[in-house]
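Remarks on the structure that follows.
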Amino acid sequence: MKSIFALVDCNNFYVSCERVFDRRLAGRAVVVLSNNDGCVVARSNEAKQLGIGMGVPFFQVQNVIEKHGVLVFSSNYTLYGDMSQRVMATLSRFAPKLEIYSIDEAFLDMSTFAHLDLTEYARQIRETVKKWTGIPVSIGIGHTKTLAKIANRLAKHSQKTQGVLNLTDSPWLDRALEQTDVANIWGVGSAYAQKLKNKGITNALQLRNADDGWVRRNLTVMGLRSVYELRGESCFPLEVNPPPQKGLAVSRSFGTRVEKLEDLQEAIALYATRAAEKLRRQKLAAHLMTVFVMTNLFETKKEKRYFNSHTVEFPTATNDTTELLSRALAAVQKIYRPSYRFKKAGVLLEGLIDQDKVQACLFDPTDRARSQRLMQTIDHINSSMPPDTLRWAASGLQRPWQTKFQKRSRCYTTNWNELPEVKSNQN
DNA sequence: TCTGGGGTCCTAGGACCC
DNA sequence: TCTGGGGTCCTAGGACCC
């Protein structure tokens, strides 16, 4: 049985989430910004038509935004995460197996539905998701994930498809590949795209027919797998049960520059606390923690640049906030240098293992059972009451360095509808 | 003045060992 | 004049994804 994948991708996901709860946004140019209101990470079609690119720094498009009255939102991940769950729950009714690939995408296993009219079936999926969640999606179908991705992209961009394109045993397959620029193939980024173009390979059809040896040498085995996938030979199976996570990070740019050690420590204290919470939520513990601090790396001449990190090893893997926090604060002290204006800092956790498999070290002085009960109590309070009801004094109260979210919408769907920090919108 | 955050995989090269 | 060879493990860096 030949495998069949459907890729369901939410259109302009973050913008669509905002639109579900604010009717004024319908038909208008809307963008959503990244953390710290830094870059544009989602655009409505109207905003795309104004030439606002994906990932561009906000300040570079500010003129266009003001001129055309584009509505601007800070990202609201609580809202998007919740909407994502609703979409995925809906999709899970339509296929025996589903892989949640990202916050706004899922692969569905359609292999057992070969007898159905898949285009018609996908239309049903699309209508149901729209009706139940308010989110518009596009669906691409192919014999491999890479082909499903290509189908999805064409479905999104062509009016004729009405959001659904099936490329399994389709007379249009070669035509579709020919229309697809190599840069838009899943697995081909800007560096590989350039290499391919230098070699005269500009579209997916040409890449499908490329020489295996050359691809292997220049694009590694990953590139070669993509070529096989273009030929209809599946190399990336559906991953229903994702493998355990290998590392975890919490890092943020600061809303304003930080110069004092105390402020830097407050920030790191908060990130270490968040990282520990993430560990416990996933029932993991870490052997290694890296703390890093950096100045603005975009800075060219005027200002001194600095990056440094320090890694701490825990002989007994831990997810205890108290332990991570104290070691993190000591680490910042080691890498802090006065007279720099810090822009960003973060905490990385590696060497992750199942928290139930933690092996106590023979000379371990801490009472782990006791601290575990304390963490459970804190997590329970913080999950059943407004977030951060209990917090560590080390992470500060004023937080002058806090990341900017000046245009955040309300958390419409979750229990704690905190008011936006600044009144919801301009215009 | 203003440029996000969080992941994955692969490879080359160095360290180390016999 | 001559300067082994081959294996494993680890890490940093580069590529990719959303």
Side-chain angles (χ1 to χ4, degrees), chain A residues 7-14 31-42 53-63 65-66 72-77 80-81 84 99-107 145-146 149 152-153 182-196 215-226 229 235-236 239 242-257 271 274-275 278 282 288 290 292 294-300 302-303 305 307 309 311 341 343-352 403-407:
Chain A
L7 175 65
V8 183
D9 189 319
C10 301
N11 300 345
N12 315 330
F13 183 56
Y14 298 169
V31 299
V32 175
L33 304 179
S34 65
N35 273 327
N36 218 29
D37 294 343
C39 300
V40 174
V41 290
M54 179 64 175
V56 296
F58 177 52
F59 74 89
Q60 283 178 9
V61 287
Q62 204 155 11
N63 283 340
I65 281 172
E66 278 164 19
V72 180
F73 290 85
S74 301
S75 40
N76 183 342
Y77 292 107
Y80 310 150
S84 174
E99 173 187 341
I100 298 174
Y101 177 65
S102 75
I103 193 165
D104 68 339
E105 282 176 62
F107 286 104
K145 284 181 166 180
T146 305
K149 275 269 191 187
N152 185 289
R153 193 164 185 286
V182 284
N184 295 322
I185 299 169
W186 192 47
V188 176
S190 58
Y192 287 176
Q194 195 52 56
K195 274 190 190 179
L196 288 167
V215 172
R216 173 69 182 78
R217 280 192 304 280
N218 290 276
L219 274 57
T220 82
V221 293
M222 296 301 284
L224 192 54
R225 282 180 200 144
S226 294
E229 286 242 323
C235 298
F236 305 116
E239 286 196 356
Q245 208 174 326
K246 299 191 167 160
L248 173 165
V250 177
S251 73
R252 293 280 179 284
S253 295
F254 303 131
T256 54
R257 291 289 195 281
Y271 304 161
R274 290 278 176 269
K278 280 193 189 179
Q282 301 179 59
L288 291 168
T290 299
F292 73 87
M294 60 197 260
T295 58
N296 185 3
L297 296 185
F298 289 101
E299 190 64 54
T300 46
K302 279 178 294 179
E303 222 174 294
R305 289 195 290 180
F307 173 93
S309 67
T311 301
R341 297 170 67 236
K343 167 72 179 163
K344 181 175 176 177
V347 172
L348 316 170
L349 298 173
E350 288 161 299
L352 305 189
T403 306
K404 277 189 283 190
F405 290 99
Q406 292 186 343
K407 306 157 198 297

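Letters A, B, ... mirror the listed sequences (proteins, then strands); counts begin at 1.
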Would you please confirm or rule out a distance under 4.0 Å between OP1 or OP2 of B/dG4 and any side-chain N or O of A/S75? no
Could you please name the option among B/dC10, B/dG6, B/dG4 that lies closest to any side-chain atom of A/V250? B/dG6
How long is the gap from CG on A/N152 to NZ on A/K145, to the nearest 0.5 Å? 14.0 Å
Pick the C1' atom in C/dC18 and in B/dC2, then give their distance to the nearest Å. 24 Å
Describe the nucleic acid contact of A/G247 in one word from base, sugar-phosphate, nothing, applying a heavy-atom distance below 4.0 Å. sugar-phosphate
Any A/R257 side-chain N or O less than 4.0 Å from OP1/OP2 of B/dT1: no
Would you tell me if any nitrogen or oxygen in the side chain of A/R225 comes within less than 4.0 Å of OP1 or OP2 on B/dC9? no
To the nearest angstrom, how far is A/Y192 atom OH from C/dA15 atom C1'? 5 Å
Determine the contact category for A/N296: base if any of its heavy atoms lies under 4.0 Å from a base atom, sugar-phosphate if only primed atoms, P, OP1 or OP2 are that close, otherwise nothing. nothing
Is A/V56 touching bases, backbone alone, or none of the nucleic acid, heavy atoms closer than 4.0 Å? nothing
What is the nucleic acid contact for A/F298, judged by heavy atoms within less than 4.0 Å: base, sugar-phosphate only, or nothing? base
To the side chain of A/V41, which of B/dG4, C/dC18, B/dC10 is closest? B/dG4
What does A/L33 touch in the nucleic acid at a heavy-atom separation under 4.0 angstrom: a base, only the sugar-phosphate, or nothing? nothing
Nearest-Å distance once atom C1' is located in both C/dG4 and B/dC16: 16 Å
Gap between atoms OH and P, on A/Y77 and C/dC18 respectively (whole Å): 15 Å
From CG of A/L348 across to P of B/dG5 the rounded distance in Å is 13 Å
Of A/P243 and A/S253, whose nearest nucleotide on DNA chain B comes first from the 5' end? A/S253
Any base atoms under 4.0 Å from A/I100, or only sugar-phosphate, or nothing? Heavy atoms, all strands. nothing
Separation of B/dT8 atom P from A/W186 atom CH2, nearest Å, is 15 Å
Mind listing the N/O atom pairs, protein and nucleotides 11-14 of chain C, below 3.5 Å?
none

Can you check the A/M54 CE to B/dG4 C1' distance for me, whole Å? 10 Å
From CG of A/N36 over to P of B/dC2, roughly how many Å is that when rounded to an integer? 11 Å
Which of these nucleotides, B/dG4, B/dG5, B/dG6, is closest to any side-chain atom of A/K344? B/dG5
So what does A/Q62 hit on the nucleic acid, given a heavy-atom distance under 4.0 Å: a base, only sugar-phosphate, or nothing? nothing
Phosphate OP1/OP2 of C/dC17: any A/K149 side-chain N/O under 4.0 Å: no
Is the phosphate of B/dG7 approached by A/K278 (side-chain N or O, under 4.0 Å from OP1 or OP2)? yes
Taking any strand in view, what nucleotide pairs with C/dA15 in a Watson-Crick or G-U wobble way, both distances under 3.5 Å? B/dT8
Under 4.0 angstrom between A/Q245 side-chain N/O and B/dG7 OP1 or OP2: yes
B/dC9 phosphate, OP1 or OP2: any side-chain N/O from A/T220 under 4.0 angstrom? no
Using the side-chain heavy atoms of A/R252, tell me which of these nucleotides is nearest: B/dC10, B/dG5, C/dC17. B/dG5
